[in-house]
Amino acid sequence: MLDPKLLRSDIHKVAAELARRGAKFDVENYTALETRRKALQVRTEDLQKERNASSKSIGQAVHRGEDVEPLKAAVAALGEELKASQVELTQVQEALEAIHMGLPNILHESVPQGQSEDDNVEIRRWGEPQQRDFEPRDHVDLGAALGLLDFEVAAKIAGSRFAVMKGQVARMHRALIQFMLDTHVEEHGYTELYVPYMVNRESLTGTGQLPKFEEDLFALSGEQEYFLIPTAEVPVTNLSRGDIIEADNLPLRMVCHTPCFRSEAGSYGKDTRGMIRQHQFEKVELVHLSRPDESYAELETLTGHAESILQRLGLAYRVIVLCTGDTGFGASKTYDIEVWMPSQNKYREISSCSNCGDFQARRMQTRWRNPETGKPELLHTLNGSGVAAGRALIAVMENYQQADGSIVIPEVLRRYMGGADRIPAT
RNA sequence: GGAGAGGUGGCUGAGUGGUCGAAAGCGCUCCCCUGCUAAGGGAGUAAGGGUGUUAUAGCCCUUCGAGGGUUCGAAUCCCUCCCUCUCCGCCA
């Protein structure tokens, strides 16, 4: 959510900023609503003031033992007027609120201009895509040949966009998660968390998935309204919803492994083969809460922590900064980390690291106490995958495959796999 | 699932229709006194929003789990929901 005061004071600047990312904003409609809001709110509050004063004097008259019936009659008419004014005000405020909740974040000035993912800008590369003297197979073929990755049986028990892993592949998937958590906790100083995988509507509104992107979520049926989390960002960031955090405790750096559930509505026909795009996948998520003046430095740090996982795994990757047209709804700046996928002969997203500025914090009313002012002020929230486990698994499978179909286990994972150095071909 | 109790400010906790944004205590900040790792005295100390200002100030509205209702007036009465605690049952 953007600062309503900014919308009032400099609406044309906001419209120009939103236009950078291709978002439309009806300035005239907004201005008209805002003008009505102001008149109605001032009027309503004046009436409330009058009502309060009258009621108070009635109370005092009662204490003096006077007849208050005439006074009551006089206030009754005021009450009707107040009620009508309140109803109208609520309507206008709800209309404004709907607009506020639908507006994306303003982008950082450093975000490159562009329309789509084709305009994203590469920042750096690490590692070299391996040269092989054989044609690399993709993870689907590799997994099928090993008998350890099965999409057909997953379709039987659940449907499309699910996977079943077995044996050493299932174990490597688990090993990756363990390795990532341990690295972030032991090497990078994160606090490990375990959180609910179902959350309420308030949480999803806080981080910006709702109200605009409800079709991307799985909702549970039942008496209570629950949604399956699309990312640990939702529960973890919302832990501090409504809190005022002391400056000494910032930055907060939290790591959390969860499954993620996404309906993938609107991605029909995209990445239908294999494990790239699933309804259910595992991810290790990094969440930072930071002082506003440190959040862009925190974004670099967070991205570096995610990169370090790929470096330790020996996987070649590149970091790109998303352009204005490709940056997500709540982010002011996003780096994607893309890992080399031999079968596709290109880099594919394995992590997305974003600074959301005060966008989520305003929705959640998450603040810190600024020692300079002594006042609560909105803090900044960041999140990034560190990294997606399913995609890390297939990256390892494809990058570490041998000509005979076996898969060498990266050094750092061996301690999590009983010391094995290879998944043998069958 | 059954029975009961309860949700008040950073914390503890009073408040059952009016002068209550809310006693008291703790904590915290500042000042005084006193000196030395004790104590005493005084003052201050919620958040959100509106208006307004270069920015302050000021003024106003709202908020006692959430949402509705009754009333001139609700922390206080009524309804619905959420949550916490205790006991029983069940269970990983």
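Within every chain, numbering begins at 1; the chains are lettered A, B, ... in the order of the sequence lines, protein sequences first and strands thereafter.
- Between Gln60(A) and Val42(A), the residue anchored nearer the 5' end of RNA chain B, judged by the nucleotide with its closest heavy atom, is Gln60(A).
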At a cut-off of 3.5 Å, list every protein nitrogen or oxygen paired with a nitrogen or oxygen from nucleotides 43-47 of chain B, distance to 0.1 Å.
from	atom 1	to	atom 2	distance (Å)
A47(B)	O3'	Arg367(A)	NH1	2.5

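- The number of heavy-atom neighbours closer than 6.0 Å to CD of Gln311(A), taken from other residues, nucleotides and ligands shown, is above 12.
- Distance check on atom C1': A5(B) versus C20(B) gives 26 Å, rounded to whole Å.
- In this model, no donor atom of one side chain and acceptor atom of the other lie less than 3.5 Å apart for Gln93(A) and Arg37(A).
- Across all strands shown, C90(B) forms no Watson-Crick or G-U wobble pair with both distances under 3.5 Å.
- When the P atom of G48(B) is taken as reference, atom CG of Asp358(A) falls 14 Å away, rounded to whole Å.
- One interatomic measurement links the two molecules: CG of Asn200(A) to P of A66(B), which rounds to 15 Å at whole-angstrom precision.
- Partner assigned to A66(B) is U80(B), using Watson-Crick or G-U wobble distances below 3.5 angstrom.
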Check nucleotides 67-72 of chain B against the protein and report each pair of N or O atoms closer than 3.5 Å, with its distance, or say if there are none.
from	atom 1	to	atom 2	distance (Å)
C72(B)	O2'	Ser55(A)	OG	3.0

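- Here the side chain of His63(A) is nearest to one of U51(B), G18(B), U62(B), namely G18(B).
- Within 4.0 Å (heavy atoms only), Asn52(A) reaches sugar-phosphate atoms of the nucleic acid but no base atom.
- Atom CD of Gln115(A) is surrounded by 12 or fewer heavy atoms from other residues, nucleotides or ligands within 6.0 Å.
- In this structure, Phe359(A) has its ring center closer than 6.0 angstrom to the ring center of Phe329(A).
- Per the geometry, CD belonging to Glu50(A) stands 16 Å off C1' belonging to C59(B), to the nearest Å.
- Atom CD in Glu50(A) sits 6.0 Å away from atom CG in Leu47(A) (nearest 0.5 Å).
- If you take CD of Gln41(A) and C1' of G49(B), they are 7 Å apart, rounded to a whole angstrom.
- When the C1' atom is used for both C33(B) and A43(B), the distance is 15 Å, rounded to whole Å.
- Between the P atoms of U80(B) and A3(B), the separation comes to 15 Å (whole Å).
- Separation of the C1' atoms belonging to U19(B) and G10(B) is 28 Å when rounded to the nearest angstrom.
- Residue Lys212(A) qualifies as enclosed at atom NZ: its count of foreign heavy atoms under 6.0 Å is above 12.
- The interatomic distance linking Leu47(A) (CG) with G73(B) (P) rounds to 13 Å, in whole Å.
- For the atom pair CD1 of Ile245(A) and CZ of Arg369(A), the computed distance is 11.5 Å after rounding to the nearest 0.5 Å.
- Computed from coordinates, the Leu89(A) CG to G49(B) P distance equals 15 Å when rounded to whole Å.
- The phosphate of C61(B) (OP1 or OP2) has no side-chain N or O of Lys38(A) nearer than 4.0 angstrom.
- Inter-residue side-chain proximity for Met1(A) and Met101(A) is flagged as met; some heavy-atom pair is nearer than 4.5 Å.
- A salt bridge is defined here as a Lys NZ or Arg NE, NH1 or NH2 lying under 4.0 Å from an Asp or Glu carboxylate O, and Arg277(A) with Glu264(A) meets this definition.
- The partner of G21(B) cannot be assigned: no Watson-Crick or G-U wobble pair with both contacts below 3.5 Å exists in any strand.
- In this structure, Glu377(A) places its CD atom 15 Å from C1' of G48(B), rounding to the nearest Å.
- Using Watson-Crick or G-U wobble geometry with both donor-acceptor distances under 3.5 Å, A55(B) finds no partner in any strand shown.
- Nucleotide U45(B) forms a Watson-Crick or G-U wobble pair with G27(B), both donor-acceptor distances falling under 3.5 Å.
- For G4(B), the paired base is C85(B) (Watson-Crick or G-U wobble, both distances below 3.5 Å).
- Between His288(A) and Tyr190(A), a ring centre-to-centre spacing shorter than 6.0 Å is recorded.
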### Query
Just by protein heavy atoms under 4.0 Å, how would nucleotides 79-84 of chain B read 5' to 3' in B, S and -?
----S-

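- Rounded to whole Å, the separation between the P atoms of G15(B) and G65(B) comes to 15 Å.
- Only the P atoms considered, C59(B) is 43 Å distant from A38(B), to the nearest whole Å.
- Remark: of the listed residues Leu193(A), Thr231(A), Val284(A), Leu286(A), Leu193(A) is the sole one forming a side-chain contact (heavy atoms from CB on, under 4.5 Å) with Cys256(A).
- G13(B) and C26(B): their P atoms are spaced 15 Å apart (whole Å).
- The shortest distance between side-chain heavy atoms of Tyr30(A) and Val14(A) does not fall below 4.5 Å.
- Side-chain N/O atoms of Arg8(A) include one lying less than 4.0 angstrom from OP1 or OP2 on U51(B).
- Rounded to an integer number of Å, the gap from CZ of Arg43(A) to C1' of U51(B) is 17 Å.
- For the C1' atom pair drawn from U84(B) and A24(B), the interatomic distance equals 25 Å after rounding to whole Å.
- Other residues, nucleotides and ligands contribute at most 12 non-hydrogen atoms within 6.0 Å of the CD atom of Glu28(A).
- Remark: Leu239(A) CG to Met364(A) CE distance equals 9.5 Å, nearest 0.5 Å.
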